[in-house]
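Scroll down for the structure; my scribbles are underneath it.
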Amino acid sequence: MENTLHIIGGGMAGSEAAWQAAQAGVKVVIHEMRPKVETFAHQTGNLAEMVCSNSFRSDDSEQNAVGLLHWEMRAANGIIMQSADKHRLPAGGALAVDREPFAQWVNDTLLAHPNISVDYGEITELPENGHWIIATGPLTSSALGAAIAKETGAESLAFFDAIAPIVYAESIDMDVAWMQSRYDKGETEEEQKAYLNCPMTKEQYEGFIDALMSADKTEFHEGETAGYFDGCLPIEVMAERGRETLRFGPMKPVGLTNAHKPDEKAYAVVQLRRDNALGTLYNIVGFQTKMKYGAQTEVLRMIPGLEEARFARLGGIHRNTFLNSPTLLDNQMRLKSRPNIRFAGQITGVEGYVESAAMGLLAGRLAAAEIQGRSIETAPQNTAMGALIHHITGGAEAKTFQPMNVNFGLFAPLEDSGIKGGRRGRKDRYKAYTDRAKDEFNQWLEERI
Ligand SMILES: Cc1cc2nc3c(=O)[nH]c(=O)nc-3n(C[C@H](O)[C@H](O)[C@H](O)COP(=O)(O)OP(=O)(O)OC[C@H]3O[C@@H](n4cnc5c(N)ncnc54)[C@H](O)[C@@H]3O)c2cc1C
């Protein structure tokens, strides 16, 4: 097999993957369709263009999981972080950048690299031979999308995400909520208690519906069709169809007995389902929404038991091409059915500039090592990069898989830390997570290049 690495898509992930592999001494060709073929969101022909906001979110590497991901990418000499640091704008604790010079610098640096060339044009078929990374992002061109769907099965490639909000389990009030599957269905006790239930009285339900209908909503971007299907309608759209629709849909109270008040029949019940193998995250079943983030937090905290809820991610519906990675990819990011092809970036089911670039960084390093005959492990699970890759290729529920941001709910709990609960305890725990991650990430870097 030839030793060149071909990367389809020169966005956040493709640019970082190219840089990492080229720095390791591998020849790289980036196949980028822009500016010849445009997307509705990109404005230029530059590599690593930021399509919307200019923020890389929190830069706090001690108390924030995305800040930790920044730290790991800096430690691995990532080009996206180099450019972000060079073009940083004042933004408090967040890392905001001057978008045009940011992308221009990445573009120029990659084009000047002796190991990198760019071939401008759309790739429409899956490559048969050679080493490839597909990093075509949420707006993968339709021809390539169709080719991927042909290989993976149409049901394994989504063109929209419909994300229900995800809550940290520890922030749910279990004096109000209880564990039970509807009609106690399931063979084992674990299955019979698979759902977490939050009960509502008639008054609470009516107040919730009012708040839902009057909440601020996000509009679809221009060029994005509002073609969501009946199976994943936003809750506010369901509520607009009739005040009782949710009570006969995702909030139906049947088959459930309140473990705290067995004699009280709930008027409506909100159910949450485990979202990861660790049991640290729960998604609110059927609650995909286009409410704006601020409004969403306010409305969701009206649900009894979720008054103090902290959200690992809020809900949304977007145009987004992504794979069912838990079933399709191995932990080296290779397509199981065609191991010469890796996937990276948002198409793997991560969400956001930073997460996408981080998955590019990993894919670039793994591909370069394979081409050079060095076998390396993927990033350790206790690092931010490792937590993400383990989630999308294994820890997440394949059946309900939706894109994920990095967050501390993806991290394995600390053993015997002696750290107490509450706000103060959380601060100590996050510091312990990030210390552990930094140590393990440094070791991983030393072990390999
Ligand atoms: C409208 C919109 C707004 C967003 N806003 C934000 C935001 O504010 N903050 C945030 O963190 N994330 C945002 N995202 C998510 C964002 O797209 C990702 O975070 C990030 O850009 C993904 O990186 P990527 O490398 O996977 O994809 P991209 O950065 O999109 O890069 C993919 C590249 O592949 C190219 N390509 C596609 N198909 C082909 C093909 N067949 N052949 C050759 N090249 C191809 C594209 O031209 C593009 O350059 C937004 C996404 C969309 C769609």
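Any value given below was found using the heavy atoms of this structure, including those in side chains, with hydrogens, waters and symmetry copies removed. Whatever order the structure lists them in is the order used to number ligands and atoms, beginning at 1.
Here's the thing with Ile123: one of its N/O atoms is less than 3.5 angstrom from an N/O atom of ligand 1. The shortest N/O to N/O separation between Ser141 and ligand 1 falls below 3.5 Å. Any N or O atom pair closer than 3.5 Å counts here, and Arg34 shares at least one such pair with ligand 1. Inclusion of Thr39 in the set of residues having an N or O under 3.5 Å from an N or O of ligand 1 is not warranted. Among the atoms of Ser53, some N or O lies under 3.5 angstrom from an N or O of ligand 1. Every N/O-N/O distance between Arg319 and ligand 1 stays at or above 3.5 Å. For ligand 1, the polar-atom distance check against Met12 finds a nitrogen or oxygen pair separated by under 3.5 Å. Where the criterion is an N or O separation shorter than 3.5 Å, residue side chain and backbone included, Thr140 fails it with respect to ligand 1. Checking only distances, Met33 does come within under 3.5 Å of ligand 1, N or O to N or O. An N or O contact shorter than 3.5 Å is missing between Gly345 and ligand 1 by distance.
Which of His31, Met50, Glu32, Glu355 comes nearest to atom 46 (C) of ligand 1 through a heavy atom is settled by distance: it is Glu32. Here atom 50 (C) of ligand 1 lies nearest to Val51 when heavy atoms of Val51, Leu144, Val66, Ile347 are compared.
The shortest separation from a heavy atom of Ala143 to ligand 1 is not under 4.0 Å, leaving the residue out of contact.
Atoms of ligand 1 lying under 4.0 Å from at least one heavy atom of Gly121, given by number and element, are 43 (C). Heavy-atom proximity to Ala135, at under 4.0 Å, picks out these atoms of ligand 1: 32 (C), 33 (C), 34 (O). Within ligand 1, the atoms closer than 4.0 Å to a non-hydrogen atom of Pro138 are 17 (O), 27 (O), 30 (O), numbered from 1 in the order shown. Close contacts between ligand 1 and Gln346 involve ligand atoms 15 (C), 16 (C), 18 (C), 19 (O), 22 (C), 26 (O) [criterion: under 4.0 Å to a heavy atom]. Below 4.0 Å from some heavy atom of Ala13 lie the following atoms of ligand 1, by number and element: 25 (O).
With respect to the salt-bridge test (charged N to carboxylate O, under 4.0 angstrom), the residues Arg88 and Asp59 qualify. No salt bridge links Glu447 with Arg374; every basic N to acidic carboxylate O contact stays at or beyond 4.0 Å. A salt bridge links Asp85 and Arg74; the closest N-O separation between the charged side-chain nitrogens and carboxylate oxygens is under 4.0 Å. Ion pair Arg301/Glu308 not flagged as a salt bridge, since none of the NZ, NE, NH1 or NH2 atoms sits closer than 4.0 Å to an Asp/Glu carboxylate oxygen.
Of the possible donor and acceptor atoms, one in the side chain of Thr434 sits under 3.5 Å from a partner among the backbone N and O of Glu62. Here the side chain of Thr321 pairs a donor or acceptor atom with the backbone of Pro138 at under 3.5 angstrom. Judged by distance alone, the side chain of His318 and the main-chain N or O of Asn320 form no donor-acceptor pair under 3.5 Å.
Contacts between His42 and ligand 1 below 4.0 angstrom, taking non-hydrogen atoms only, involve the side chain exclusively. Here Thr136 has heavy atoms under 4.0 Å from ligand 1 in both its backbone and its side chain. With a 4.0 Å heavy-atom cut-off, ligand 1 is reached by no atom of Ala357. Looking at Ile8 against ligand 1, only its side chain comes within 4.0 Å, counting heavy atoms.
In this structure, NE2 on His390 lies 12.0 Å from CZ on Phe411, to the nearest 0.5 angstrom.
Arg274 forms no cation-pi arrangement with Tyr282, by the criterion of a distance under 6.0 Å to the ring centre and an angle within 45° of the ring axis.
Remark: of the listed residues Asp119, Ile7, Val118, Ile134, Asp119 is the sole one forming a side chain to side chain contact (heavy atoms under 4.5 Å, CB included) with His31.
Counting non-hydrogen atoms of other residues, nucleotides and ligands closer than 6.0 Å to CD of Glu38 gives a total of 12 or fewer. Taking a 6.0 Å sphere around NZ of Lys36, one finds it holds 12 or fewer heavy atoms contributed by other residues, nucleotides or ligands.
Every residue meeting the salt bridge (charged side-chain N to carboxylate O under 4.0 Å, His left out) condition with Glu370, not counting sequence neighbours, appears here in chain and number order: Arg334, Arg342.
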